[in-house]
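Encoded as structure tokens, the structure appears first; notes follow it.
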Amino acid sequence: MTLAGDAKPIPAPAAARHGASGVDQPGGGGLADGGRTCRGGAVMEARTILLPIAHLVSALRARMKGPGGYYNSGNALGLIVGLAIQIATAPVGLHEGSSVTMAVIEYFAGSHGTVALTLTTLVFFWGGEAYHRAWARPDAPDPALNRLGDFLSGLGAIGLGIALLLLGDPLLAATSGLLHALGKFGSTFHRPGTPIPMWPAAWPDPFRSAVLASRLPAMLATTVALGRALPEVWSGGSFAALPMPLTLLGCYLLWTKADLLLFGVGTKAIRQISTC
């Protein structure tokens, strides 16, 4: 029998072979195997988490390959933030759920103008998807699908003009609606490279330029609204006046990026412009 005081410490290599308890284990390497198992489990768990994220990032990159992704990103941003603000500012009654429901109904179909705006948004989403499919092909952009995107965007611009007119904004109805529609329909029926009477060939495409110009009044109005809201917030006012103008400016930047990508479609300048 060996006394406790007589026990000698097991050397490190032997301890590794015997395991944590010092008892001999079949095959040895209990601690090392346990460490490898833990690390392997952590790696598998990390892969399980990161793989869907990687797929999502890859899908988003594919979506943002052409103008369709930028158009629909702006559409989704404006729709989601606008709805969130509508719900957040809804009066809370006895039944909070019914208050939210009423806010959603009011946002999408509260008046003739909002109904027109809702239908217009759906058409714009459809047009953005047509652009995306046109630019997702190896020989991008597909001319027929690209023209379909132009045509649907033109229809959406007419609906936008009607909605803005019903909502009491005739100036934006004429610019964001009529001018935008003229530019999109012009791009639909004009074949790239075909001379346009009284328009120098060296100048940018007049129809794409009209679409780009149609955004300027709305961007200016939004900037003015933001400029008016900032001093109020700075002096202690509510932050509720800031989200919508900031969101709209973000939407206009995304839409403008998409507009710029469409310059030069059907010409040799497309690759140069599309990297702007």
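Sequence positions, counted from 1, serve as the residue numbers for this chain.
Here L253 sits alone; no ILVMFWY side chain lies under 4.5 Å from its own, so it joins no hydrophobic cluster.
Checked against side-chain contact (heavy atoms from CB on, under 4.5 Å), I196 has the following partners two or more places apart in sequence or in another chain: H190, W199, P206, F207. Residues passing the ring-ring contact (aromatic ring centres under 6.0 Å, His included) test with F185 are F151, sequence neighbours excluded. Residues satisfying the side-chain contact (heavy atoms from CB on, under 4.5 Å) criterion with A218, sequence neighbours excluded, are L172, S176, Y252. The side-chain contact (heavy atoms from CB on, under 4.5 Å) check on I162 picks up I158, L166, with sequence neighbours excluded. Residues satisfying the side-chain contact (heavy atoms from CB on, under 4.5 Å) test with T223, not counting sequence neighbours, are L249.
The closest side-chain heavy-atom distance from Y107 to L79 is below 4.5 Å.
Checking D150, L260, L261 one by one against R208, the side-chain contact (heavy atoms from CB on, under 4.5 Å) holds for a single residue, D150. When S153, P141, P67 are each tested for a side-chain contact (heavy atoms from CB on, under 4.5 Å) with L262, only one passes: P67.
Put simply, L119 and L117 are part of two different groups of oily side chains (I, L, V, M, F, W, Y) that touch within less than 4.5 Å, one to the next.
No donor-acceptor pair closer than 3.5 Å links the side chain of S73 to the backbone N or O of Y70.
Nearest approach of M244 to G78, heavy atoms of both residues: CE-O, 4.3 Å.
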